[in-house]
Amino acid sequence: MAIGARDYIDKLLVEKYAQEKVDNHEDNALQSRVSADDMMSAMNTTASSYRSMLQLQNRLTMICYGVVAKSARYTPLDDAV
């Protein structure tokens with residue numbers, strides 16, 4: 001597996017950005033701007049709402065199956081022909 005440009009567009013991009021330099025080696029560059037507790041709280045809230053949505057979807061699916069099953073009319077195979 002080779003590293004580098006595989007087609008013409010990649011080659012042009014490599015040539016364009018080959019000399020670019022990034023200077024982000026500041027002391028605070030690696031510090032998180034979001035509190036870990038806030039992030040975990042947001043993730044927990046999202047997971048909880050998604051879990052509730054899945055439970056509601058499951059209940060609605062079962063209700064729809066029940067309605068369809070009650071409204072179906074079954075005929076014997078002898079009368080179907």
Side-chain angles (χ1 to χ4, degrees):
M1 175 182 246
I3 297 175
R6 294 185 180 152
D7 58 11
Y8 184 69
I9 294 174
D10 287 341
K11 183 179 176 187
L12 290 176
L13 287 171
V14 168
E15 288 175 5
K16 180 176 180 179
Y17 293 108
Q19 301 302 320
E20 294 292 323
K21 294 182 181 179
V22 179
D23 190 21
N24 60 355
H25 301 290
E26 300 169 357
D27 292 336
N28 63 357
L30 299 177
Q31 293 177 357
S32 176
R33 305 229 190 315
V34 178
S35 168
D37 291 333
D38 290 344
M39 181 61 73
M40 289 300 291
S41 175
M43 290 171 63
N44 190 23
T45 302
T46 303
S48 176
S49 65
Y50 186 69
R51 189 179 315 118
S52 298
M53 183 184 67
L54 288 177
Q55 290 172 349
L56 179 62
Q57 182 181 1
N58 190 25
R59 286 179 56 197
L60 286 173
T61 300
M62 297 309 284
I63 290 170
C64 289
Y65 283 152
V67 168
V68 169
K70 285 185 179 183
S71 65
R73 295 184 185 205
Y74 299 102
T75 57
L77 290 177
D78 297 337
D79 295 340
V81 178

Distance col, row M53:CE vs Q57:CD, nearest 0.5 angstrom, shows 6.5 Å

Nearest 0.5 Å, please: how far is NZ in K11 from CG in L13? 12.5 Å

Is a side-chain donor or acceptor of S52 paired with a backbone partner of S48 at a separation under 3.5 angstrom? yes

Same apolar cluster: L60 and V68, side chain cutoff 4.5 Å: no

CE/M40: more than 12 non-hydrogen atoms of other groups inside 6.0 Å: no

Contact between E15 and L12 at the side-chain level, heavy atoms closer than 4.5 Å - yes or no? yes

Within a reach of under 6.0 Å around CG of L54, are more than 12 heavy atoms found that belong to other residues, nucleotides or ligands? yes

Is it true that M62 and V67 fall in one hydrophobic cluster, defined by side-chain heavy atoms closer than 4.5 Å? no

